[in-house]
There are 2 protein chains.
Amino acid sequence: MAVTEERYFSEAAARLGISQQAVSKRIAMLEKDLGVALLSRTSRGAQLTVDGQAFLPHARKLLRVEARAVAAVRPGRRALRIDVLNHRIGPAALLRNFHRAHPDIELDVVTLIDTDVDTAIAAIRSGAIDASFRAVTAPEQQLRDGVTAARVLDDPHELLTGPTHQLAAARAVTPADLVGHRIWIPGIVPGTEWAAYYDDLAAAFGLTIERVGPNFGTDHLLDMLADSSTLASLTGEQVRLLWPADYDLRRIPVREPTPVYPHSLIWHRDNPHPGLAALRNCIRAMQRHHHDAKTWAPKWAMPHASP
Amino acid sequence: MAVTEERYFSEAAARLGISQQAVSKRIAMLEKDLGVALLSRTSRGAQLTVDGQAFLPHARKLLRVEARAVAAVRPGRRALRIDVLNHRIGPAALLRNFHRAHPDIELDVVTLIDTDVDTAIAAIRSGAIDASFRAVTAPEQQLRDGVTAARVLDDPHELLTGPTHQLAAARAVTPADLVGHRIWIPGIVPGTEWAAYYDDLAAAFGLTIERVGPNFGTDHLLDMLADSSTLASLTGEQVRLLWPADYDLRRIPVREPTPVYPHSLIWHRDNPHPGLAALRNCIRAMQRHHHDAKTWAPKWAMPHASP
DNA sequence: CCCGTCCACAACTGTTGGTTGTGGTTCTTC
DNA sequence: GAAGAACCACAACCAACAGTTGTGGACGGG
């Protein structure tokens, strides 16, 4: 990278604080390991070869990833560690906005796999992560020792169907409309708070929600929905779903009442990380509560609050 | 990574084909460099510390990136190098579909910055890249020595406006409707084939397309549009734009005629890379020509063809 | 043709990543 | 409570490597 930017081995060496010969040896060794020539040497400096051009962006990325890896554990001011269920749901969008507003604050977004809110809270208590976006099922039992939570984002549900589904043409549907329809939400891990949420949702409106089968990924779900006239799924307005342009899936709002998934931010009151305070401020600023629309949330959902 | 998966230093050592002591030294050195403890050693194996948990995913990513870097230049069967203008336009979606269909074929998607179709063709001729998605302005002059092109994707234009724009409520607009409106497309590099395309489009329908200013990124464009009642932009149906959920931008189809951007695939006839043949096959299979709708493309656009 | 510029090779050295041998700690077992 | 097993760390050693300085070959310009 230094050579391509400086054009000369000796300039690159100066920038790196080593000798020209050391640069020569480094590159010769790299080329030997890769088995291809990266630079064509002339008496007027060095030029990237075809393979060098292909390799360079990967080299840059490698250094970026390394820097992030080090930043994630840097003693003193390490990156802010946030847990989200996955990178498509509403809280992930919140985090993207936060990152846009504060690009200087290093984020380390992680996903504690197959875990429920209790595990996340334990991780916050131990300091393994700084914050988590979760639905809190039993606040009074779980929040102790300075672990705090605030309900920050209600994501209204949408019905996801293929073009041939019976409800595909509807502008909106009510929960009652869904009774008797096959609603398939794969990948729900039993025992987690989201499993509890969908259980409560199904019970409240008499729905049948199929949770069978392992999660083969969103792509597989979209595949199934696109072809089926009987199968539908539930997603959230804030959930970022992407599908091939020829798929023609429909996202139909659910209304009267609108079931909302109650995402909370959970953090530790005594955590001194400056990024955490910034995140809470930013979320507070972005919050807009729609108390006008009729919504439904589980009984155990926390009351709305500012983080 | 090996230790966390095997739980014991000695098991990890066996897997790596080195001695237990070497593993011990490696990890001790890594911890010294990072300045934090990654593993807590007990007499019943090793457990990740808090920092170790944070570091592990970065370590995995580092190895993945390294593997991709090596694969990009691996002699014999290196990754397939494709040039696209950016990762949001239609051809990039084509590539995502291709990757979904052929996950085994390693892709190296690159962007030759600020370059026009001639540079891309030269890169293909030299072997720097295997294929490029470009609009070909003067086929008869540019395509020689086995360099071949086929028009593979016509992306219909859409008007992009904020909610307060005069045309925001329209179901569709015609090019004539756009006369006199401010249409802003930042980031067009003069002298490129896309600059030529927008010049021709503006001339054909008497539009005024503002190309001023450097490109501050899509985010900035979306910001400007969201707030403005006079400014609009043009995008493509296949272009993948993402904006914050509270933005409420509108994408309005342009009809009668529909201007389409004529993306071609360019490649070298004699390039033996097996992935290239697969890509051409896949694109051929995905192609669906809509000859029914009235469309407009520049005079110089190639005739439609199968790659 | 000479000279300057640029990169590579040679010889040398300190550091590193591996080896084997051994010892300390911790849990289990009798 | 002592013996044993399992596990990880330290010590000594060695080969390989990444750096150093010194030097030489290739190329292009005046």
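It should be emphasised that the depicted structure is a prediction, and the values quoted were computed from it without experimental measurement.
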| request: Determine: side-chain N/O of S43(B) to OP1/OP2 of dA6(D), distance under 4.0 Å, yes or no. | output: no
| message | Could you tell me how far apart Q47(B) (CD) and dC8(D) (P) are, to the nearest whole angstrom? | response | 11 Å
| field | Interatomic distance, F9(A) CZ vs dA26(D) C1' [rounded to whole Å] | value | 14 Å
| said: Testing the 3.5 Å rule here: is there a donor-acceptor pair between the side chains of D108(A) and H58(B)? | reply: yes
| Any salt bridge between E31(B) and K25(B), counting N to O under 4.0 Å? | no
| request: Salt-bridge test for E106(B) and R68(B): reply yes if a basic N is under 4.0 Å from a carboxylate O, no otherwise. | output: no
Could you list the protein-to-nucleotides 12-21 of chain D atom pairs, N/O on both sides, closer than 3.5 Å?
residue: dG19(D); atom: OP1; partner: R26(A); partner atom: NH2; Å: 2.7
residue: dG19(D); atom: OP2; partner: R26(A); partner atom: NE; Å: 2.9
residue: dG19(D); atom: N7; partner: K25(A); partner atom: NZ; Å: 3.0
residue: dG19(D); atom: O6; partner: K25(A); partner atom: NZ; Å: 2.5
residue: dT20(D); atom: OP1; partner: S19(A); partner atom: N; Å: 3.3
residue: dT20(D); atom: OP2; partner: S19(A); partner atom: N; Å: 2.7
residue: dT20(D); atom: OP2; partner: S19(A); partner atom: OG; Å: 2.5

| Do R74(B) and D51(A) meet the salt-bridge criterion of a basic N to acidic O distance under 4.0 Å? | no
| task | Identify whether the distance between the nearest side-chain nitrogen and carboxylate oxygen of R125(B) and D118(B) falls below 4.0 Å. | result | no
| said: Can you confirm whether V110(B) sits close enough to I82(B) that some side-chain heavy atom of one is under 4.5 Å from a side-chain heavy atom of the other? | reply: no
| query | Bend across the helix from dC1(C)-dG30(D) to dC30(C)-dG1(D), to 10°, with axes taken over 5 pairs at each end? | reply | 20°
| Side-chain touch Q53(A)/T49(A), heavy atoms, less than 4.5 angstrom | no
| Reckon A28(B) touches a base, only the sugar-phosphate, or nothing at all at heavy-atom distances under 4.0 Å? | nothing
| Strictly by modelled atom types, are T192(A) and D116(A) linked by a side-chain donor-acceptor pair under 3.5 Å? | no
| field | Positional range of nucleotides in DNA chain C within the contact set of chain A, heavy-atom, under 4.0 Å | value | dC6(C) to dC9(C)
| message | Please determine whether a side-chain nitrogen of the Lys or Arg among R60(B) and E5(B) lies less than 4.0 Å from a carboxylate oxygen of the Asp or Glu. | response | yes
| query | Distance-only, no hydrogens or angles: does the T111(A) side chain make a donor-acceptor pair with backbone N or O of N86(A) under 3.5 Å? | reply | no
| Counting only side-chain N and O atoms of R44(A), is one of them less than 4.0 Å from OP1 or OP2 of dC27(D)? | no
| task | Begin from the C-alpha positions of H87(A) and V109(A) and carry the test side chain to side chain contact (heavy atoms under 4.5 Å, CB included) through to its verdict. | result | CA-CA 9 Å; H87(A) 289 263; V109(A) 180; 3.6 Å; yes
